[in-house]
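Start at 1 with the first residue, then count along the sequence. Given the structure is predicted, the values throughout are model-derived calculations rather than measurements.
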Amino acid sequence: MSLKAKTIELRRRMQDAIQGGGQKAIDKQTAMGKMTARERIISLLDPNSFNEYDLFVEHTARDFDMDKKVLPGDGVITGTGKIGGHPICIYAQDFTVAGGSLGLMHAKKITKIMDHAMNLKVPIIGINDSGGARIQEGVNSLAGYGEIFFRNTQASGVIPQISVILGPCAGGAVYSPALTDFVFVVDKISKMFITGPEVIKTVLGEEISMEELGGARVQAEITGNAHFFAKSEKECFDQIKKLVTYIPWNNTKRADGFAIKQPKSKTYNIEKLFPTDPKVPYDVRNVIKALTDNSDFFEVQEFFAPNIVIGFARINGQTIGFVANQPLCLAGVLDVDSSDKAARFIRFCDAFNIPLITLVDLPGYLPGVDQEHAGVIRHGAKVLYAYSEATVPKITIILRKAYGGGYIAMCSHHLRADFVFAWPTAEIAVMGPEGAANIIFRNEIMSAADPDEMRKQKVKEYQQKFANPYVAAANGYVDAIIDPKETRKYVVHALEISVNKSDVRPNKKHGIPPF
Ligand code: HXC
């Protein structure tokens, strides 16, 4: 056969393989408002940057008439490409082929591209759209999942791992996304659960729809399994493209630097955004935007545990991870969920050389039976652990309240912040003036002729003595009390000074964080 004929034969075979599960299955996929696996990869990657591998892989199953079935690509597309010029490895499950179910060869394609990503030290992106373990392949499917989970764990903290849920992701299959760094979901399309509605009805007698059980909103707002929520697949891909600009390729690199832009000072005038009265709420995201280049802020887990705000921004062109109490919600307290949210983000930033800026304004950890029984001790400890463990530059700014455990937890000097700045409005104390006065002056208040008047007087006394930054500054726990409008100047300087920071922790196999 001539080269020309062989090339024509290759093209024919490729054409057959890229049809996936055939037109009927593709039409069903499209009717659900979903792109096909190949369309997804093409939409996400830079134009003409995708190289596909293992297109001709075939399944090896023989039982249940599987020997008579052809499953093009074994239901998953794998390859390498670029996003914004950055190299990445990618796989996308093809639901049109046996429901994207995971058999032995399907899993081998995924683990092969994961191994590539680790060897090449580039991010791995997995697009999940699958009925889960391929039932006909039995334990081989489970083995495949196990191999993926192992690699997810090995890759953790070495290369960024991104999971995109664009269809069902059920049973044990959810544990690969759960082991990765960022999970993206799309409204009405993504579904994640360990056991589906049918099993729940049979075992527990409870009725619930797939959407209510594990739809995108549930994952973004209630469970915290998802980090980014989008209304369409296109919006989701735009979010991924943006994320990739903020993170490095691997843990030996820093994220790309960009041209320096000043904050939009007219919109984000720091003095006008901030109420000095400690009881008045405000949106801390505006304070973040008053500090960042071009006032951009890329929020992570926006809808989960909104009492803490986390996300990426740039200052002086460099990526920064922000962690900030949000006084708009529950006065910005630390609770079970906000502790989990912050701790994981801190560890991501630390693993990938992203400096951390912490904005503090909180009354402490949330009290209450619910929180105690939900394990606020165990979860809250994660924040202490994550900050103490982090060796990237850490800059803390105390805006207003820093009471009790909250003061310590939000990256105080005691957890090895490099710089702690306080605004003159900061109140650093064991607890708020009202609570404190009620306890330490109880006898004087109770025995006074006018207890209310006495309480007011004692609260004021306490406020004057302790509800300020000066006692902490006198002890060296605060490095500088600064004029709020000079915050960016101080932060830029601190980042420049910390550029060669190297902090050594005791040699150990690994710590035992309060998981
Ligand atoms: C083999 C599967 C499959 C599976 C779907 N298909 N899931 N084949 N193994 N797990 C096939 C269907 O037979 C069908 O083939 C095609 O994919 C499309 O599926 P439909 O059911 O027609 O699609 P839809 O109506 O959209 O429903 C999607 C679905 C449903 C909700 C995902 O297919 C479903 O419930 N599948 C089973 C889910 C499940 O229980 N998986 C096992 C989870 S346990 P044809 O030939 O008709 O087109 C698990 C353990 C992992 O994953 C543990 C790891 C530690």
Side-chain angles (χ1 to χ4, degrees), residues 260-278 280-297 308-309 311 313-318 320-327 332 355-363 387 390 392-403 406-429 463-499 501:
I260 301 169
K261 293 178 178 168
Q262 292 305 309
K264 295 176 180 164
S265 54
K266 276 196 187 140
T267 333
Y268 297 104
N269 181 334
I270 209 158
E271 288 171 304
K272 293 200 175 140
L273 294 168
F274 180 77
T276 49
D277 180 344
V280 178
Y282 62 96
D283 191 341
V284 77
R285 289 174 295 195
N286 291 331
V287 177
I288 294 173
K289 289 176 189 172
L291 302 176
T292 61
D293 288 9
N294 201 37
S295 296
D296 289 330
F297 178 53
I308 203 148
V309 169
R314 289 189 188 92
I315 292 184
N316 247 17
Q318 302 297 322
I320 304 294
F322 270 92
V323 179
N325 307 118
Q326 174 56 291
L356 284 159
I357 295 183
T358 304
L359 302 185
V360 186
D361 188 349
L362 83 166
Y387 270 130
V392 288
K394 297 185 285 190
I395 300 163
T396 302
I397 305 153
I398 303 174
L399 310 185
R400 236 173 27 174
K401 296 186 280 268
Y403 295 154
Y407 155 71
I408 307 169
M410 293 303 291
C411 206
S412 59
H413 255 310
H414 321 293
L415 306 189
R416 301 298 180 267
D418 297 293
F419 298 97
V420 177
F421 304 126
W423 287 1
T425 44
E427 298 184 2
I428 305 168
Q463 244 160 359
Q464 278 163 354
K465 182 128 187 70
F466 290 116
N468 60 59
Y470 296 101
V471 182
N475 285 285
Y477 303 146
V478 163
D479 299 304
I481 302 171
I482 61 174
D483 181 338
K485 65 175 181 294
E486 297 197 320
T487 308
R488 183 173 153 106
K489 196 181 95 186
Y490 272 87
V491 166
V492 166
H493 181 84
L495 288 167
E496 284 171 354
I497 292 296
S498 324
V499 74
K501 179 183 176 186

Legend entry - salt bridge (Lys or Arg N to Asp or Glu O under 4.0 Å) partners of residues 408-429, not counting sequence neighbours, each pair once: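 Residue pairs with at least one partner in residues 408-429: D418-K501.
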What residues form a side chain to side chain contact (heavy atoms under 4.5 Å, CB included) with [X], not counting sequence neighbours?
X: N316; answer: I260, R488, V492, E496
X: A290; answer: Y268, I270, L273
X: P275; answer: V280, Y282, R400
X: Q318; answer: none

Inset, instruction - Identify the two heavy atoms, one from P355 and one from L495, that lie closest to each other, and give their separation to 0.1 Å. - result: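 Between these two residues, the closest heavy atoms are CB-CD2, 3.8 Å.
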Legend entry - Which atom of D293 lies closest to which atom of G317, heavy atoms considered: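 Taking every non-hydrogen atom into account, OD2-N, 2.7 Å.
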Between [atom1] on residue [X] and [atom2] on residue [Y], distance to nearest 0.5 Å:
X: L399; Y: T425; atom1: CG; atom2: OG1; value: 7.0 Å
X: D361; Y: K401; atom1: CG; atom2: NZ; value: 5.0 Å
X: C411; Y: I398; atom1: SG; atom2: CD1; value: 10.0 Å
X: I320; Y: I288; atom1: CD1; atom2: CD1; value: 12.0 Å

[X] side chain to [Y] backbone, donor-acceptor under 3.5 Å:
X: T358; Y: T396; answer: no
X: K289; Y: F297; answer: no
X: S265; Y: N269; answer: no
X: T292; Y: I315; answer: no
X: S295; Y: K264; answer: yes
X: D283; Y: R285; answer: yes
X: K394; Y: Y387; answer: yes
X: Q326; Y: V284; answer: yes

Checking [X] now: which residues fulfil side-chain hydrogen bond (donor to acceptor under 3.5 Å, both in side chains) with it, not counting sequence neighbours?
X: N325; result: none
X: N286; result: none
X: Y407; result: H414
X: S412; result: none

Inset, instruction - Might you work through the side-chain contact (heavy atoms from CB on, under 4.5 Å) test for I395 and F421, ending with a clear yes or no? - result: CA-CA 8 Å; I395 300 163; F421 304 126; 4.0 Å; yes
Inset, instruction - Answer yes or no: is there a side-chain heavy-atom contact under 4.5 Å between V360 and I397? - result: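 No - every pair of side-chain heavy atoms lies 4.5 Å or more apart.
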Inset, instruction - Find out whether P393 and F419 are in side-chain contact, i.e. whether some heavy atom of one side chain is under 4.5 Å from a heavy atom of the other. - result: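 The answer is no; the side chains never approach within 4.5 Å.
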Inset, instruction - Tell me, please, which residues at least two apart from R314 pass salt bridge (charged side-chain N to carboxylate O under 4.0 Å, His left out). - result: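 Listed in chain order: nothing, the list is empty.
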Inset, instruction - Taking ring-ring contact (aromatic ring centres under 6.0 Å, His included) as the test, write out the residues that go with F466, two or more places apart. - result: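 Residues passing ring-ring contact (aromatic ring centres under 6.0 Å, His included) with F466: Y462.
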Listing, residues 469-487 side-chain donor-acceptor contacts under 3.5 Å, not counting sequence neighbours, or none:
unit_1	atom_1	unit_2	atom_2	d
N475	ND2	V471	O	2.8
D479	OD1	H413	NE2	2.9
D479	OD2	H413	NE2	2.7
D479	OD2	V420	N	2.6
D483	OD1	K485	N	3.1
D483	OD2	K485	NZ	3.1
T487	OG1	W423	NE1	3.0
T487	OG1	P484	O	2.5

